[in-house]
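Computed from a predicted structure; not experimentally measured. Along the sequence shown, residues carry numbers from 1.
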Amino acid sequence: VNTTGVLGWTTDSDQSTAEKMKVNDLLWSATTSSVPYDHASKSTDEHGTIKVPFTHAMSKFTIVLVAGDGFKAGDFESTTVTLKNMTKTGTFTAPSATVSDPTGIVDVTMYSDATDAATAKIRTYEAITVPLTELTEDEVLAVIENAGGNNYEIKVTKGILGMSDPILDNN
């Protein structure tokens, strides 16, 4: 219906389940020619595979917690991770694969993959965000709450920004 290929997209702050996270994703694909498909005349084995090439238009953050020294299995059972100050809305132009007009700020509760939280020593947290979020060195990127009864902040570093770090470079 949208012939311009321009779409406004807004992300939700609550991405605490797989379903809540997935609805924030936006996929785009170049226009392709029609694929002939005659379901009624072919057996299941003859249908083959229809491939639809697409690109994720959104950004994805992944944070992995590992229970090391001082932690034990189950310490992440009630842990939540929240991304701070993420861009809420953007304008996506599919023909040029560009994002523009980042607006609004939202804190995003991340989804955790733990299948057995009582025994898990590793938990992965994920969230889908609008690209173009401004990250500034030393600002809080995420807050980890109740990791073994403790709270932590992850701050933006030169490494996260892809910049050289003199300490890491031994300079």
Inset, instruction - Could you please spell out the steps behind the side-chain hydrogen bond (donor to acceptor under 3.5 Å, both in side chains) verdict for Thr89 and Thr10? - result: CA-CA 4 Å; Thr89 303; Thr10 300; 3.2 Å; yes
Legend entry - Test side chain to side chain donor-acceptor pair (under 3.5 Å) applied to Thr80 - qualifying residues, sequence neighbours left out: none
Legend entry - Residues clustered with Val140, ILVMFWY side-chain links under 4.5 angstrom: Val143
Legend entry - Spacing of OG1 belonging to Thr11 relative to CG belonging to Asn24, to within rounding of 0.5 Å: 5.5 Å
Legend entry - Which residues share a side-chain contact (heavy atoms from CB on, under 4.5 Å) with Ser13, sequence neighbours left out: Val106
Inset, instruction - Sequence neighbours left out, what pairs pass side chain to side chain donor-acceptor pair (under 3.5 Å) with at least one residue falling in residues 53-67? - result: Asp25-His56, Lys60-Glu126
Inset, instruction - Applying salt bridge (charged side-chain N to carboxylate O under 4.0 Å, His left out), name anything that partners Lys20, two or more places apart in sequence or on another chain. - result: Asp14
Inset, instruction - Check side-chain contact (heavy atoms from CB on, under 4.5 Å) between Ala147 and all other residues, then give those that pass, not counting sequence neighbours. - result: Phe71, Phe76, Thr79, Ile144, Tyr152
Inset, instruction - Could you name each residue pair satisfying salt bridge (Lys or Arg N to Asp or Glu O under 4.0 Å) that touches residues 80-101, not counting sequence neighbours? - result: Lys84-Asp107
Legend entry - Thr93: side chain to side chain donor-acceptor pair (under 3.5 Å) partners, not counting sequence neighbours: none
Legend entry - With sequence neighbours excluded, residues passing side-chain contact (heavy atoms from CB on, under 4.5 Å) with Val23: Asp12
Just distance, no hydrogens or angles: give the donor-acceptor pairs under 3.5 Å from side chains in residues 127-138, sequence neighbours left out.
unit_1: Thr133; atom_1: OG1; unit_2: Thr87; atom_2: N; d: 2.9
unit_1: Thr133; atom_1: OG1; unit_2: Thr87; atom_2: OG1; d: 3.0
unit_1: Thr133; atom_1: OG1; unit_2: Val130; atom_2: O; d: 3.3

